[in-house]
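Convention: sequence-line order gives letters A, B, ...; per-chain numbering from 1. The model shown is predicted, which means the values in this text are computed figures rather than measured ones.
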Amino acid sequence: MTNTTTAGSTIVQYSHGQDGDFYVPGEIVLTQNASGLGGNPIMAEDQARKRELRLQKNREAARECRRKKKEYIKCLENRVAVLENQNKALIDELKSLKELYCQQKAE
DNA sequence: ATCGCCCAACGTCACACTTC
DNA sequence: GAAGTGTGACGTTGGGCGAT
């Protein structure tokens with residue numbers, strides 16, 4: 001599976017490998033940032049490298065964030081199931097206690 | 001076969017919050 | 001206060017599935 005995403009003026013491609021996703025960087029487009037650095041190619045390259053690093057970290061952070069969210073939702077669903085069972089049991093108990101009470105009252 | 005719709009997963013951006 | 005981190009919002013993609 002491959003994916004291509006356009007974000008602003010950059011093109012990002014990624015694919016699913018055996019060990020998860022691997023990143024295939026597209027052409028790095030240097031816009032006004034490069035000229036803002038006085039056109040220094042080393043500084044621009046450094047900026048681009050920093051940006052790639054930040055994007056990669058954020059990509060992993062987003063994955064982890066989604067994983068945690070899914071886990072949290074599963075936890076909540078489990079809790080709902082447990083509470084529903086408890087509620088059912090308490091209703092049953094109340095019902096039998098009421099019946100017992102009515103029987104004793106009739107005697 | 002293909003079209004349209006829905007869903008899950010993804011990457012990126014923006015922004016709030018935390019850490020140093 | 002700058003750098004790092006977590007997360008909501010958004011747009012994109014591919015796969016599944018029913019209708020035609």
- Give the intermediate values and the outcome of side chain to side chain contact (heavy atoms under 4.5 Å, CB included) for residues A:Leu76 and A:Tyr72. CA-CA 6 Å; A:Leu76 288 181; A:Tyr72 176 65; 3.6 Å; yes
- Message: One pair to check against side chain to side chain contact (heavy atoms under 4.5 Å, CB included): A:Lys57 and A:Arg54. What are the steps and the verdict?
- Response: CA-CA 5 Å; A:Lys57 277 198 167 186; A:Arg54 186 165 52 79; 5.8 Å; no
Starting at [atom1] of [X] and ending at [atom2] of [N], how long is that distance when rounded to a whole Å?
{"X": "A:Leu53", "N": "B:dT12", "atom1": "CG", "atom2": "P", "answer": "13 Å"}
{"X": "A:Leu55", "N": "B:dA14", "atom1": "CG", "atom2": "P", "answer": "11 Å"}
{"X": "A:Lys70", "N": "B:dC7", "atom1": "NZ", "atom2": "C1'", "answer": "12 Å"}
{"X": "A:Glu60", "N": "C:dT7", "atom1": "CD", "atom2": "P", "answer": "15 Å"}
{"X": "A:Asn58", "N": "C:dG8", "atom1": "CG", "atom2": "P", "answer": "13 Å"}
{"X": "A:Glu52", "N": "B:dT12", "atom1": "CD", "atom2": "P", "answer": "8 Å"}
{"X": "A:Glu64", "N": "B:dG11", "atom1": "CD", "atom2": "P", "answer": "13 Å"}
{"X": "A:Gln56", "N": "B:dG11", "atom1": "CD", "atom2": "P", "answer": "11 Å"}

- Message: Looking at the base of C:dG6, is there any donor atom on it, or on the side chain of A:Arg66, that sits under 3.5 Å from an acceptor on the other one?
- Response: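 Side chain to base: no pair present.
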- Look at A:Arg59 and B:dC10 and indicate whether a side-chain polar atom (N or O) is within less than 4.0 Å of OP1 or OP2.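 Result: no.
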- Does the side chain of A:Lys69 get closer than 4.0 angstrom to OP1 or OP2 of C:dT7 through an N or O atom?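 No, outside the criterion.
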- Please tell me which of the listed nucleotides, B:dC13, C:dT7, B:dG11, lies nearest to the side chain of A:Ala61?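 Nearest nucleotide to the side chain: C:dT7.
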- Side-chain ion pair, A:Lys95 and A:Asp92, N-O less than 4.0 Å: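 Result for this pair is no, no salt bridge flagged.
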- Task: Only one of A:Lys68, A:Arg66, A:Arg67 passes salt bridge (charged side-chain N to carboxylate O under 4.0 Å, His left out) with A:Glu64; say which it is.
- Result: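 Option passing the salt bridge (charged side-chain N to carboxylate O under 4.0 Å, His left out) with A:Glu64: A:Arg67.
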- With a 4.0 Å cut-off on heavy atoms, is A:Arg54 in touch with a base, just the backbone sugar-phosphate, or nothing at all?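 The residue A:Arg54 makes no contact with any strand.
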